[in-house]
Structures are given as C-alpha cells and as structure tokens.
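Treat the numbers as computed from the prediction; the structure is a model and nothing was measured.
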Amino acid sequence: MTTNHVKRAFKYRFHPTDAQAAELSRTFGCVRKVYNLALAARTEAWTLRQERVNYNATSALLTAWKKTGELAYLGEVSSVPLQQTLRHLQGAFGNFWAKRARYPTFKSRKKSRKSAEYTTSGFRFRDGQLTLAKMDRPLDIVWSRPLPEGASPSTVTVSQDSAGRWFVSMLCDDRPTMAAPASHAVGIDAGITALVTLSTGEKITNPRHERADRERLAKAQRELSRKAKGDGTNRAKARVKVGRVHARIADRRRDFLHKLTTRLVRENQVVVIEDLTVRNMLKNRKLSRAIADASWTEMRSMLEYKADWYGREVITVDRWFPSSKLCSACGTLRSMMPLNVREWTCDCGTTHDRDVNAARNILAAGLAVTACGDGVRPQRSTPGGQSSMNQEVVPAPRTPGVSQPRG
C-alpha cells in the first residue's frame with residue numbers, strides 16, 4: 001500500500017503544575033492583549049489614513065509596546081506566542097481582503113478561546129517530553145496514543161477549554177497508509193431523526209447528545225444565573241459546571257462522528273454528499289437546535305480530510321438538487337414534497353422511503369459528475385441535449401409512419 005504525506009495534529013490532555021498553569025494563563029492574556037492592540041492599530045491606520053499595516057509593522061509595534069511602562073508585562077512571557085498571534089491576525093486580514101471572511105473582531109476575555117501557539121523556537125521536545133519556553137520542567141501529558149514513529153512536532157498549541165481542562169496539540173508530519181482500493185460508492189442523505197441515510201438503505205440513528213443532557217445543562221445554567229455577577233469565585237465555579245456539561249456533549253458527539261466517518265471512508269471508494277448551507281438552515285427556529293446538535297458541517301469536514309488521507313474521493317452535490325422529489329427508478333420530478341411526507345409512491349408504481357430515495361439520487365448525481373462532468377440540477381429545458389442524469393421523463397416526439405423504439 002502507498003502512503004500519503006500529510007500534516008496531522010495530535011491532541012492530548014495534560015495536567016500542569018500550579019506554576020505552569022499560572023504561566024500559561026499569563027500567556028493567554030498577553031496573546032489576547034497583543035491581538036486586540038494590533039487589530040486596533042490596523043483599524044485606526046486604515047480608517048484615518050487608508051493605510052494597510054502588515055505583519056512587519058505590527059511586530060515593530062510589539063517591540064515598542066514592551067518598552068512602555070503600561071505594557072512592560074508583555075516581556076515577561078515567551079515572545080513566540082505573541083508573534084504567532086500577529087501572524088494569525090495577518091491571516092485574518094488576508095481572508096478579509098480576499099472576501100473569504102468578515103472583518104476581524106476583538107477577542108473577549110470571557111468568551112474567546114484560551115490558546116497560545118509555539119513554534120520550534122518556543123519549545124523543546126526530547127525523549128518524549130515536551131518543555132515550553134519560560135518553564136523549567138516538562139508538561140505532564142497523558143499520552144493516549146503515540147506520535148508517529150520518528151515524528152517531531154513543528155508547532156505546539158496549548159489551550160484550555162471552558163471546563164477547565166488543559167490540552168496540547170502537536171502538529172507533525174505523518175504518512176498514513178492509504179487504504180486498499182474499494183469498489184463501493186455510497187450516497188449520503190443527512191437528516192435529523194436519522195443522522196445519515198445511505199444509498200444502501202441503511203439508516204444510522206441520530207444519538208442527539210445535546211437532548212440527552214438537556215436537563216443537566218438546564219440545571220447547571222439555572223445555578224449559574226442565580227450567582228451574582230460580583231461574586232467572582234462562586235460564579236466562576238458555576239460557569240465551569242456549565243462548561244463541563246457542554247464538553248461532555250461535544251466529546252460524545254465528536255467521538256460518534258469520528259467512528260462513523262472512519263467507517264464510511266474505509267468501506268467506500270467514493271462518498272457523495274450534499275452541499276448543505278447549515279448557516280441558513282439554523283435560522284429555522286423550530287429545527288435550529290436539532291440541526292446544531294447533528295453537526296453536519298463537522299461530519300463533512302471529517303469525511304473530506306479522512307478521504308484525503310486514505311486515497312478516497314468525496315463528491316459534493318449542488319444544494320438545490322431535488323434529491324427527495326426525484327424518483328430514483330424512473331426519473332420523474334414531483335413539484336412538491338412537504339417535510340411531513342416520509343414515504344411516497346411514484347406514478348411508475350415505485351414506493352419510496354423519502355431519505356433512502358434521496359440518498360440514491362445523490363449517489364447517481366455524484367457518479368454522473370465524475371463520469372462526464374454533467375451538472376446535478378434538473379434540466380427543465382435542454383437546448384444543448386439531455387443530461388446524463390435522467391431527471392425528468394420527456395416522451396420522444398412521434399414521427400408519422402416511423403415506429404418508436406422500445407427501451
């Protein structure tokens with residue numbers, strides 16, 4: 001089997017000492033402060049002088065800030081994470097100017113993610129032990145899985161979640177073994193009751209992790225709401241309890257999605273999915289909570305990067321493709337298909353399960369794209385000829401005196 005050279009991040013929990021926790025907390029605060037200062041400086045330069053400030057200019061500003069009495073504490077932590085946050089801000093502005101993202105926003109002390117990124121000059125990795133800059137002893141890491149043999153991290157990211165847990169993520173070069181070629185292809189229809197329905201007819205039930213812990217989450221949130229905002233210690237403890245419930249939900253959901261996507265990628269050479277606009281679908285107040293709990297975007301991301309690792313192919317079908325309204329047997333397109341209709345019978349006599357029929361149509365549309373590059377939307381008028389996907393049955397015109405072929 002061949003191997004594929006990729007960059008992979010390996011994430012582990014660790015338990016810092018009191019001194020390490022204090023150092024990292026100071027670093028998180030300095031990273032946030034430098035990001036906000038640099039963003040304010042770039043915004044002011046553009047607003048007043050129409051001037052674009054780049055990374056080099058903000059790096060020079062950082063040096064000047066450290067020399068002031070008010071911001072002298074920035075020099076007490078490692079400079080590597082501070083430089084990295086300036087690079088991240090540069091990337092955010094690059095995405096904004098390229099119209100791939102919105103204008104960067106300021107980081108909040110309470111809501112923003114607590115993290116710091118170290119490059120090779122900011123840490124030492126020897127004999128399986130990781131020591132960060134400004135620390136005299138290695139981190140106590142829980143090695144839940146080994147790093148690739150001979151791998152050495154190029155970047156280390158330390159973070160703390162809302163539940164108070166500490167994590168370290170190591171970016172390493174890896175060569176995952178590509179899976180043996182498979183002859184199967186599968187279409188996937190994402191849903192709420194069934195998280196995914198496969199073109200084979202199999203339905204995988206949605207575990208609904210958020211709903212399972214909804215009462216526990218509501219209780220923790222009620223306790224938090226009763227704490228006075230001035231009562232820092234008790235309110236902080238209540239906030240951590242809420243974070244633990246959210247972490248439990250997210251961990252269980254992520255674990256389920258990893259197992260599901262790994263299975264789909266290993267069993268099938270081609271996986272066809274819909275290009276869903278989850279952001280717009282979340283505007284539906286009746287379904288937004290269930291849609292968010294399903295986490296279709298995260299599932300698609302996992303399918304894509306795992307397919308890249310193991311030599312598989314993921315095909316995306318246009319979001320407007322009428323997969324539910326199209327008969328997978330004869331190609332007839334129905335005009336209406338309300339959400340409450342779970343089974344329907346076509347004029348050709350075929351009875352369809354709504355989700356299974358949609359998954360089969362998604363698979364056929366994706367395979368048509370790979371075969372001849374056709375589009376996947378229904379062609380109600382075909383001046384240039386028929387699509388390879390027979391999405392509407394159009395009877396051929398009869399010519400007097402000429403018998404029609406039977407197909």
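Between the side chains of S328 and N361, no donor N or O sits under 3.5 Å from an acceptor N or O. Q84 and R87 share a side-chain donor-acceptor pair at under 3.5 Å.
In this structure, CZ on R8 lies 10.0 Å from SG on C172, to the nearest 0.5 angstrom. Expressed to the nearest 0.5 Å, how far CD of E274 lies from OG1 of T316 amounts to 10.5 Å. To the nearest 0.5 Å, atom CG of residue L363 and atom CG of residue L367 are 4.5 Å apart. Within the model, atoms CZ of R13 and CD1 of I141 stand 13.0 Å from one another, a figure rounded to the nearest 0.5 Å. Atom CG in D275 sits 13.5 Å away from atom CD1 in I315 (nearest 0.5 Å). Atoms OG1 and CD, from T58 and Q90 in turn, are 7.0 Å apart once rounded to the nearest 0.5 Å.
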Residues L287, M281; criterion side chain to side chain contact (heavy atoms under 4.5 Å, CB included); working and verdict: CA-CA 8 Å; L287 298 176; M281 298 172 72; over 6 Å; no
Check the pair E223 / K227 against salt bridge (Lys or Arg N to Asp or Glu O under 4.0 Å), numbers first and verdict last. CA-CA 7 Å; E223 292 178 355; K227 307 300 180 184; over 6 Å; no
Show your working on side chain to side chain contact (heavy atoms under 4.5 Å, CB included) between K203 and D353 and close with a plain yes or no. CA-CA 11 Å; K203 292 188 176 184; D353 178 284; 3.0 Å; yes
Given the rule in the side chain to side chain contact (heavy atoms under 4.5 Å, CB included) test, do L303 and I273 qualify, once you have shown the distances and angles that lead to the verdict? CA-CA 10 Å; L303 283 173; I273 59 177; 4.0 Å; yes
Give the C-alpha distance, both sets of side-chain angles, the deciding distance and a yes or no for side chain to side chain contact (heavy atoms under 4.5 Å, CB included) between L224 and R235. CA-CA 6 Å; L224 175 61; R235 187 173 178 83; 3.9 Å; yes
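Contact record, A9 with L171: N-CD1, 4.1 Å, taken as the closest heavy-atom pair. The nearest pair of heavy atoms linking H352 to C327 is NE2-SG, 3.1 Å. The two residues F123 and P153 come nearest to each other via the heavy atoms CZ-O, 3.3 Å. Nearest heavy-atom pair, Y55 versus R42, reported as atom, atom and distance to 0.1 Å: N-NH1, 4.3 Å. For T262 against H258, the heavy-atom pair with the smallest separation is OG1-O, 2.7 Å. Residues L132 and L24 share a closest heavy-atom pair of CD1-CD2, 4.0 Å.
Screening R253, R254, R248 for a side-chain hydrogen bond (donor to acceptor under 3.5 Å, both in side chains) with D251, the sole residue that qualifies is R254. When each of Y103, W97, F96 is checked for a ring-ring contact (aromatic ring centres under 6.0 Å, His included) with W46, only W97 meets the rule. Considering V158, V142, L130 in turn, V158 is the only one that fulfils the side chain to side chain contact (heavy atoms under 4.5 Å, CB included) rule with F14.
Counted within 6.0 Å of NZ on K7, heavy atoms from surrounding residues, nucleotides or ligands total more than 12; the atom is thus considered enclosed. Residue-environment remark: CZ (R49) exceeds the threshold of 12 foreign heavy atoms within 6.0 Å. With a 6.0 Å radius and a threshold of 12 heavy atoms from other residues, nucleotides or ligands, E51 has its CD atom above the threshold. Within 6.0 Å of CD on Q50 lie more than 12 heavy atoms contributed by other residues, nucleotides or ligands. More than 12 heavy atoms of other residues, nucleotides or ligands sit less than 6.0 Å from atom CG of N340. Within a 6.0 Å radius of CZ in R211, other residues, nucleotides and ligands contribute 12 heavy atoms or fewer. The environment of CG in N280 is crowded: more than 12 heavy-atom neighbours from other residues, nucleotides or ligands sit within 6.0 Å. Residue R102 places its CZ atom among 12 or fewer non-hydrogen atoms of other residues, nucleotides or ligands, all under 6.0 Å distant.
By the 4.5 Å heavy-atom criterion applied to side chains, L82 and C30 are counted as neighbours. Between K134 and T27 there is no side-chain heavy-atom pair separated by less than 4.5 Å. With a 4.5 Å cut-off on side-chain heavy atoms, L89 and P104 count as touching. Counting only heavy atoms from C-beta outward, the side chains of F10 and D174 approach each other to under 4.5 Å. Using a 4.5 Å cut-off on side-chain heavy atoms (C-beta onward), R263 and K259 make no contact. The closest side-chain heavy-atom distance from T332 to C348 is not below 4.5 Å. Contact annotation: the side chain of I188 approaches that of L198 to within less than 4.5 Å [non-hydrogen atoms, C-beta and beyond]. At a threshold of 4.5 Å between non-hydrogen side-chain atoms, the residues L86 and L61 do not count as touching.
Cation-pi geometry between K11 and F167 is satisfied (NZ or CZ under 6.0 Å from the ring centre, within 45° of the ring normal).
In terms of modelled atom types and a separation under 3.5 Å, the side chain of D293 and the main chain of E210 share a donor-acceptor contact. In this structure, the side chain of R354 does not engage the main chain of S324 through any donor-acceptor pair within 3.5 Å. Listed for the Q269 side chain is a donor-acceptor partner under 3.5 Å among the backbone atoms of G311. Using modelled atom types, no side-chain atom of D189 and backbone atom of A359 make a donor-acceptor pair closer than 3.5 Å. Formation of a donor-acceptor pair under 3.5 Å by the W296 side chain with backbone atoms of G191 is found in this model. S59 places no side-chain N or O within 3.5 Å of a backbone atom of N56 that could act as its donor or acceptor partner. With hydrogens and angles ignored, the 3.5 Å screen pairs no side-chain donor or acceptor of R124 with any backbone N or O of T131. Side-chain N or O atoms of T277 include none that pairs as donor or acceptor with a backbone N or O of R279 at under 3.5 Å. Without hydrogens or angle criteria, N36 side chain to F106 main chain gives no donor-acceptor distance under 3.5 Å. Although no hydrogens or angles enter the test, the distance criterion places no donor-acceptor pair under 3.5 Å between the side chain of R32 and the main chain of K107.
F28 and W166 have parallel rings, their planes meeting at less than 30° on a 0 to 90° scale where 60° marks the start of perpendicular.
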